[in-house]
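Below: one structure, written as structure tokens.
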Number of protein chains: 2
Amino acid sequence: MARSSQTDMAVLGALSIEPMTGYALREAIRDVLGHFWSESFGQIYPTLARLEQFGHVERDPATRAYRITAAGTRHFHELLAQPIQDVPARNGLLLRLFFGRSLGIEACRALLTRSRDEARRRLAEYDEIAATVATESQHTDDAVFWQMTVSAGRHSARAAVAWADECLAVLDRFPAAAPGTDR
Amino acid sequence: MARSSQTDMAVLGALSIEPMTGYALREAIRDVLGHFWSESFGQIYPTLARLEQFGHVERDPATRAYRITAAGTRHFHELLAQPIQDVPARNGLLLRLFFGRSLGIEACRALLTRSRDEARRRLAEYDEIAATVATESQHTDDAVFWQMTVSAGRHSARAAVAWADECLAVLDRFPAAAPGTDR
DNA sequence: TCCGTCATGTAATATGTTACATGATTAG
DNA sequence: CTAATCATGTAACATATTACATGACGGA
């Protein structure tokens, strides 16, 4: 047990779809899983080295790509079945808004507008990704699941937009007070 | 600069509302900010010690409670104005679902059901909190902002429920395949 | 040849959690 | 007086990011 099994899971999972070099792996994680997962360079290489030691991955001498082994696949399935490790909640936007009285209404408005625009941008991005997955992977058994993760992003982004709009409306009706009026 | 200014922000912010001991501070952060923020014991005490060294907080000799100073309030306002530091995305549920073909449909269904029930539970919790804030803090200038953070939780939980329902419906229509059929 | 990209890796640093150690205070 | 809770702190460990060092390879 122990160790950040979630990093192992991401790496083994990516390699289970297609053998890759460490470099390509980092790009795949960033570009494909990027909406809900991230791994840094400094994590990927040591993880690959460790997985190779345990015989969970091996290198193709010709292409230098890492390939998952039978043992690695077994390990991957074990990891997938493990309970989800939630990361501690840390929402910098909500933390600032909670102290909105100290931050000042104008600054809050700016944060909310920014966050809403960001969510809208994400929404457009998800639409593109969904279209790509639909055309490129429609015959894969993976497609359904990939669409689910995109859909999660969509729902979450739509909720973010609606929430921000609601908050901005509340602020508009709010009696204009001097910013940063503590105590 | 430097240092986890976000931890400083949470601590100073909490103390700006009311002086507290380190112990009470941890409880306040867990119970009040818990839906969007978390700090562990091992962070809070060193942070308080450091803030005291810099004169940002001081102790009431009588009650032992930490109190924010004028310098601390200035520092707090500076921190609030700093750009939001996003935490790297790490959604264990979506990571597993992405590899749903390997995980198996039944396990996916279980994960989704669990996640939906969890979101429903959160939804009920937010309703309670909203009611509490409405009655207890309605005359505070803080109330509007606190309601916003609760509303964020509500929107997000509702989106989570809708998304999970949608996914479960998709899986119901999905041709039952053997679980864990890799390659 | 020289630049950009591919590729691998390590070291320094930051951050953060958990478990442990310790003692004061207070309610029953 | 004794168990529970309040309270403070540290040490060990885990995790992760960033910056740096190094070099191969292919195309302009």
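All figures in this text were calculated on a predicted structure; none of them were measured in a lab. The sequence lines fix the lettering, A, B, ..., with proteins before strands; numbering per chain opens at 1.
Across all non-hydrogen atoms, the minimal contact from A/Leu12 to A/His75 is CD1-ND1, 3.7 Å. Here the closest non-hydrogen pair linking A/Arg67 and A/Pro19 is CG-CG, 4.1 Å. Listed here is the closest heavy atom pair of A/Asp142 and B/Arg101: OD1-NE, 2.8 Å. Closest non-hydrogen pair, A/Val150 versus A/Ala130, comes out as CG1-CB, 4.0 Å. The nearest pair of heavy atoms linking A/Ala152 to B/Trp163 is N-NE1, 3.2 Å.
The CZ-P distance, from B/Arg26 to D/dC6, rounds to 9 Å in whole Å. Look at CE on A/Met20: it is 16 Å from C1' on C/dT8, rounded to the nearest Å. B/Gln85 has its CD atom 11 Å from the C1' atom of C/dA14, to the nearest Å. Here D/dT10 presents its P atom at 11 Å from OH of B/Tyr45, a figure rounded to the nearest Å. Remark: P of C/dG16 and CZ of B/Arg50 are 11 Å apart, rounded to the nearest angstrom. Counting to the nearest Å, the C1' atom of C/dG16 and the CG atom of A/Asp86 are 16 Å from each other. Across the protein-nucleic acid pair, B/Ile44 atom CD1 and D/dG9 atom P stand 12 Å apart, rounded to whole Å. Separating the CG atom of A/Leu48 from the P atom of C/dG9 is a distance of 8 Å, rounded to the nearest angstrom.
The side chain of B/Thr7 lies closest to C/dG16, out of D/dA7, C/dC6, C/dG16.
Using a 4.0 Å heavy-atom criterion, one finds that A/Arg59 contacts the sugar-phosphate atoms exclusively.
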Any protein N or O atoms within reach of nucleotides 17-25 of chain D? Criterion: under 3.5 Å, listing atom names and distances.
from   : atom 1 : to      : atom 2 : distance (Å)
D/dT17 : OP2    : A/Ser40 : N      : 3.3
D/dT17 : OP2    : A/Ser40 : OG     : 2.8

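Here B/Tyr23 does not reach the OP1 or OP2 of D/dA7: none of its side-chain N or O atoms lies under 4.0 Å away.
The side-chain tip of A/Arg26 points at the ring of A/Phe41 from less than 6.0 angstrom away and within 45° of straight on.
Classified by interplanar angle (parallel below 30°, tilted 30° to 60°, perpendicular above 60°), the ring pair A/Phe98/B/Phe36 is tilted.
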